[in-house]
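Just so it is clear: chains get the letters A, B, ... in the order the sequence lines come, proteins before strands, and each one is counted from 1.
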Amino acid sequence: MANLIEEARQAVDALLEKAFQKAIAAGEFEPADFPSGKVDIPKDSINGDYAANHAMAGAKSLKLPPRKIAETLAACLELEGSFFQKVEIAGPGFINFFLSSTWYGKVLETVTAEGVDYGRSGEGKGERVMVEFVSANPTGPMTIGNARGGVLGDALASVMDLAGYNVSREFYVNDAGNQVDLFGKSIEARYLQLVRGEDAVEFPENGYHGNDIRELAAALHDADGDKYISMDSDERCKIFIQFGLTRNTELMKQHLERYRINFDTWFFESALHDSGYVAETVKLLENSGCTYEQDGALWLRNTDFGADKDEVLRRENGFYTYYAVDIAYHRNKFIERGFDRVIDVWGADHHGHAIRFAASMTAPALGLKDKKLDFLIMQMVRLVRGDEVIKVSKRTGKALTLNDLMDEIGVDACRFFFNAKPDTHLVFDLDLAIRQDSENPVYYVQYAHARICSLIANLVSDGHAVPAGGINSQLLSSKQEQELIKQLAAFTEEVRLAARDYDPSRINHYVVELSARFHRFYASCHIKDAEPELLSARLLLCDCTRRVIANALAVIGVSAPEKM
RNA sequence: GCGCCAGUAGCUCAGUAGGAUAGAGCAACUGCCUUCUAAGCAGUAGGUCAGGGGUUCGAAUCCCUUCUGGCGUGCCA
């Protein structure tokens, strides 16, 4: 549960404050408050491992030039026994701290002691969080957009779990509404075409043209033949919808499992209708006076809550709109199920809705004042093949499915590739994806892991053992060794930031950098032929690296092979 | 029109709760395997951080503005 970066930062701050008080006592500074500065990790370690800007921040209150303040503070510092071995003054007045072997040793001890839990922190304080993601329409197979939303939501949930939140993953199944009716009519048309011939039956306008619809119709026809012909269309569609939704939902579960996503709950929209919860929620809004009737429909006066337009809750025909259902659904998440925070992972094509919807959720009648609703809006995936842009649409059935994609590039590459920063437009080149082999960074990372596993196995078979601790960390003195250890130490902090920013792609970059540092270490430091004490220390360093790569890959759902 | 997101090396992208000389991978070029996995390492070359203003000790990062691209602005979800 240790955040080693945070500990080092706090250590710098504490050392400086102590030096500051000492300087005042010695009459070097006029009495003043300790200037609040920032402790950063410089890009170039020539500027130290940690850099403090307190001297610049305190220039005004102390009425002294920053460099002078820095020099005085540095002179008063007591580094004996601390995480640091020396400081330097540089640039406009930075105080640069250089880590000591005490700290490097502590990092390896911590990783060893925490094992699979290394990276975990109590940052989230057990706050109950729901991440709702994918939630693909059950009217067809999942697409490449769901591939992105899937890893994003899943990895976000993992990162938040590790950061100490109590996280639940949910898939919302839209098994009601217009789209579902259209789905039924599409299957019906394909079924009738099977019986009466393709040209004898008209396909509904805006229907779902995908092959999966034909397959559903064929499955019905294979099983029950012409049995549904004589039936009333409404009744027939009801049966077809039931059949199609059940089958599609089952398929989505299978494919998501293959994609290594396991939802805690599958929540069905129909349940909100059947239990009267939608009606109850709308009534609540109606009673609070923030609705009005116009053109026979019931409207929510959303402009009262800061939105740019009002919304229809109930149509003239008495049916509730998706908007009303969404409000009910989110009220259910917070009120009935008690989540403190809900994060919805939505595509950018819903961002307008997200803004207006967030406004609606502040309606006092809903009683969600202390609750937090956040949206993780991910930009669209642009599908291209070389220079050609491929237009995808579930309706026209031209989409590349998630399952096809997993067949082509594998689950690991797929998860790694789609775990990109949410707010960048992702260009997915099919040509590139298909020949994505050793060019893919996922292999670079997996190779590092496999390399370490093999290395350790060889040493163990030579009679060496991974030490449980107690190594001489002073021996790990090369630049490559120290850079590697610093990266190991950063994992917990990286997880914290990924959770804070809702950006799990940070873990990708982290683990690529960690692997790079390992490869550099490996190329410059031999282990097998090192002196016993050094061999032991390096062996532990390798083992810790293996551990952290595995932990990081686990967070983003990518496998860590022992052999490649 | 208004709103959201983006624009960084030839390509794909890091870096954005202000920090020091803007980084990596791919592609190009040069080295390194009879010794722990060469799916690797070391090096060369590549930049008006879209343009312009501002804020300050300091701006790719914050503010304003222009341009370009994607998306939204449904009684679809």
Side-chain angles (χ1 to χ4, degrees), chain A residues 38 40 42-44 46-48 51 53 56 59-60 65-66 90-94 96 135-137 139 172 174 176-180 182 206 269 294-299 308-309 311-317 319-326 346-356 377-380 382 395 417 420-427 429 432 437-448 450-459 462 480 497 500-501 505-506 508-509 512-513 515-516 518-530 535 538-539 542 563-564:
Chain A
K38 235 179 97 188
D40 271 329
K43 280 177 207 144
D44 191 338
I46 200 153
N47 293 317
N53 69 350
M56 281 107 93
K60 247 174 206 163
F94 287 106
N96 297 333
S135 300
N137 274 322
T139 51
Y172 178 59
N174 296 103
N178 283 342
Q179 297 197 154
V180 169
L182 193 58
N206 297 327
E269 177 184 348
Q294 188 180 304
D295 306 328
L298 181 71
W299 291 70
D308 56 352
K309 60 193 274 286
E311 299 285 347
V312 172
L313 294 175
R314 192 174 54 222
R315 300 182 199 116
E316 192 173 5
N317 62 14
F319 289 118
Y320 293 101
T321 59
Y322 78 96
Y323 203 90
V325 179
D326 247 9
W346 286 359
D349 52 343
H350 289 99
H351 77 258
H353 174 51
I355 294 167
R356 290 187 292 276
I377 302 295
M378 52 154 190
Q379 295 301 315
M380 306 273 83
R382 219 173 133 78
R395 204 147 277 170
F417 188 85
K421 202 166 69 174
D423 54 14
T424 53
H425 305 76
L426 191 56
V427 178
D429 187 337
L432 207 66
D437 36 62
S438 59
E439 277 184 23
N440 195 308
V442 72
Y443 294 100
Y444 182 79
V445 174
Q446 291 182 320
Y447 179 63
R451 214 178 194 188
I452 301 172
C453 288
S454 154
L455 171 59
I456 292 177
N458 284 342
L459 287 164
D462 284 351
Q480 288 81 3
L497 294 175
R500 182 198 70 180
D501 296 344
S505 75
R506 294 186 70 112
N508 285 33
H509 299 120
V512 168
E513 178 62 26
S515 303
F518 173 76
H519 287 309
R520 269 175 234 147
F521 156 74
Y522 180 89
S524 73
C525 301
H526 270 249
I527 299 162
K528 210 171 182 174
D529 51 2
L535 186 148
R538 285 182 174 164
L539 184 49
C542 287
K563 278 187 180 138
M564 281 176 80

Checklist entry - Contact class for A:A90 (heavy atom, under 4.0 Å): base, sugar-phosphate, or nothing? => result base

Checklist entry - Quantified in whole Å, what is the P atom distance between nucleotide B:A9 and nucleotide B:U61? => result 15 Å

Checklist entry - Could you go step by step and tell me if A:F521 and A:C542 meet the side-chain contact (heavy atoms from CB on, under 4.5 Å) rule? => result CA-CA 10 Å; A:F521 156 74; A:C542 287; 3.8 Å; yes

Checklist entry - Under 4.0 Å: is that the gap between some side-chain N or O of A:R315 and OP1 or OP2 of B:C76? => result yes

Checklist outcome for this item: By nearest-nucleotide position on RNA chain B, the 5'-leaning member of A:L497 and A:N96 is A:L497

Checklist entry - Rounded to the Å, how far apart are A:N53 CG and B:U56 P? => result 18 Å

Checklist outcome for this item: Relative to its sugar, using the 90° cut-off around 0, the base of B:C41 is anti

Checklist entry - Is there a Watson-Crick or G-U wobble partner for B:U73 with both distances under 3.5 Å, and which nucleotide is it? => result B:G1

Checklist entry - Base, sugar-phosphate alone, or nothing: which one does A:T424 contact when heavy atoms must sit under 4.0 Å apart? => result sugar-phosphate

Next on the checklist: When you compare the ring of A:F94 with the six-membered ring of B:A20's base, are the centres less than 5.5 Å apart and the planes under 30° from each other?
Outcome noted: yes

Checklist entry - Within the structure, does a side-chain N or O atom of A:R520 lie under 4.0 Å from either OP1 or OP2 of B:G40? => result no

Item to check | Atom-to-atom span, CE of A:M378 to P of B:C71 - whole angstrom | outcome: 15 Å

Checklist entry - Do A:R451's NZ or CZ and the ring of A:Y522 fall within the cation-pi criteria of under 6.0 Å and 45°? => result yes

Item to check | Separation of the C1' atoms in B:G53 and B:A17, to the nearest angstrom | outcome: 24 Å

Checklist entry - Can you tell me if A:T321 uses its side chain to pair, donor with acceptor, with the backbone of A:V312 under 3.5 Å? => result yes

Next on the checklist: As a test of reading the structure: which of B:C5, B:C71, B:C76 is closest to the side chain of A:Q179, going by heavy atoms?
Outcome noted: B:C76

Checklist entry - Do side-chain atoms of A:H351 reach the backbone of A:A348 as a donor and acceptor pair under 3.5 angstrom? => result yes

Checklist outcome for this item: The Watson-Crick or G-U wobble partner of B:G10, with both key distances under 3.5 Å, is B:C26

Item to check | B:C41 phosphate, OP1 or OP2, under 4.0 Å from A:Y444 side-chain N/O | outcome: yes

Checklist outcome for this item: The Watson-Crick or G-U wobble partner of B:U21, with both key distances under 3.5 Å, is none

Checklist entry - When the ring planes of A:H353 and A:W346 are compared, do they come out parallel, tilted or perpendicular, using 30° and 60° as the limits? => result parallel

Next on the checklist: Output the rounded distance in Å from CG (A:L459) to C1' (B:U37).
Outcome noted: 13 Å

Checklist entry - Watson-Crick or G-U wobble partner for B:C41, using a 3.5 Å limit on both distances? => result B:G31

Item to check | Non-hydrogen side-chain atoms of A:Q379 and A:L426 separated by less than 4.5 Å | outcome: no

Next on the checklist: For B:C36, is there a stacking contact with A:H526, counting only centres under 5.5 Å and planes under 30°?
Outcome noted: yes

Checklist entry - Quick one: the side chain of A:H351 and the base of B:G3, do they pair up donor-acceptor inside 3.5 Å? => result yes

Checklist entry - Looking only at side-chain N and O atoms, does A:K43 come under 4.0 Å of OP1 or OP2 in B:A20? => result yes

Checklist entry - Quantified in whole Å, what is the P atom distance between nucleotide B:G15 and nucleotide B:C29? => result 31 Å

Checklist entry - Is any side-chain N or O of A:H509 under 3.5 Å from a base N or O of B:A24, one able to act as donor and the other as acceptor? => result no

Checklist entry - A:A523 side chain: which of B:C71, B:U37, B:C41 is closest? => result B:C41

Next on the checklist: Between C1' on B:A42 and CZ on A:F518, what's the gap in Å once rounded to a whole number?
Outcome noted: 17 Å

Checklist entry - Counting any heavy atom closer than 4.0 Å, what does A:F319 reach on the DNA or RNA strands: base, sugar-phosphate only, or nothing? => result nothing

Item to check | Distance between C1' atoms of B:G52 and B:A59 (Å, rounded) | outcome: 15 Å

Checklist entry - What nucleotide, of B:A17, B:U73, B:G3, holds the atom closest to the side chain of A:I355? => result B:G3

Checklist entry - Which part of the nucleic acid, if any, lies within contact of A:A51, taking any heavy atom under 4.0 Å across all strands shown: a base, the sugar-phosphate backbone alone, or nothing? => result base

Checklist entry - Atom NE2 of A:H353 and atom P of B:C75: how far apart are they, to the nearest Å? => result 13 Å

Checklist entry - How far, in whole Å, is B:G74 from B:C62 if one measures between their P atoms? => result 31 Å

Next on the checklist: Between P on B:G23 and CG on A:N47, what's the gap in Å once rounded to a whole number?
Outcome noted: 12 Å

Item to check | Atom pair NE2 (A:H509) and NZ (A:K421), whose distance is rounded to the nearest 0.5 Å | outcome: 8.5 Å

Next on the checklist: Students often get this wrong, so: under 4.0 angstrom with heavy atoms, is A:A450 touching a base, only sugar-phosphate, or nothing?
Outcome noted: base

Next on the checklist: Give me the distance, rounded to whole Å, that separates B:G47 from B:C76 when you measure between the C1' atoms they each carry.
Outcome noted: 46 Å

Checklist entry - Can you tell me if the side-chain N/O atoms of A:K38 get under 4.0 Å from OP1 or OP2 in B:G18? => result yes

Next on the checklist: Could you tell me how far B:C41 sits from B:C63 if I compare only their P atoms? Round to whole Å.
Outcome noted: 38 Å

Next on the checklist: Classify A:N174 by what it touches in the nucleic acid, base, sugar-phosphate, or nothing, heavy-atom distance under 4.0 Å.
Outcome noted: sugar-phosphate

Item to check | Selected nucleotide, minimal atom distance to A:D349 side chain, candidates B:A77, B:C71, B:G19 | outcome: B:C71

Next on the checklist: Looking at A:D44 and A:I46, would you say the former's side chain and the latter's main chain have a donor-acceptor pair under 3.5 Å?
Outcome noted: yes

Next on the checklist: Tell me if the side-chain of A:Y322 makes a donor-acceptor pair with the base of B:A77, cut-off 3.5 Å, by modelled atom types.
Outcome noted: yes

Checklist entry - Hey, does A:C525 reach any base, or is it just sugar-phosphate, or nothing, if we go heavy atoms under 4.0 Å? => result base

Checklist entry - Between B:C36, B:C41, B:G70, which one does the side chain of A:H519 approach most closely? => result B:C41

Next on the checklist: To the closest 0.5 Å, what do you measure between CG (A:L298) and CD (A:E311)?
Outcome noted: 12.5 Å

Next on the checklist: Within the 4.0 Å heavy-atom criterion, would you say A:D326 contacts the bases, only the backbone, or no part of the nucleic acid?
Outcome noted: nothing

Checklist outcome for this item: Rounded to whole Å, NE2 of A:H350 lies from C1' of B:C76 at a distance of 9 Å

Checklist entry - Considering only the P atoms, how many Å lie between B:A14 and B:U8, rounded to the nearest integer? => result 11 Å

Checklist entry - If each of A:R451 and A:R356 is mapped to the nucleotide of RNA chain B with the nearest heavy atom, which maps nearer the 5' terminus, i.e. the 5' end? => result A:R451

Checklist entry - Reckon A:K563 touches a base, only the sugar-phosphate, or nothing at all at heavy-atom distances under 4.0 Å? => result base

Next on the checklist: Does B:C36 have OP1 or OP2 under 4.0 Å away from a side-chain N or O of A:N458?
Outcome noted: no

Next on the checklist: Of the options B:A77, B:C75, B:C36, whose atoms approach the side-chain atoms of A:L455 most closely?
Outcome noted: B:C36

Item to check | Nearest-Å distance for atom pair CD1/C1', residues A:I527 and B:U35 | outcome: 13 Å

Checklist entry - Are the side chains of A:F518 and A:I452 in touch, meaning some heavy atoms are under 4.5 Å apart? => result yes

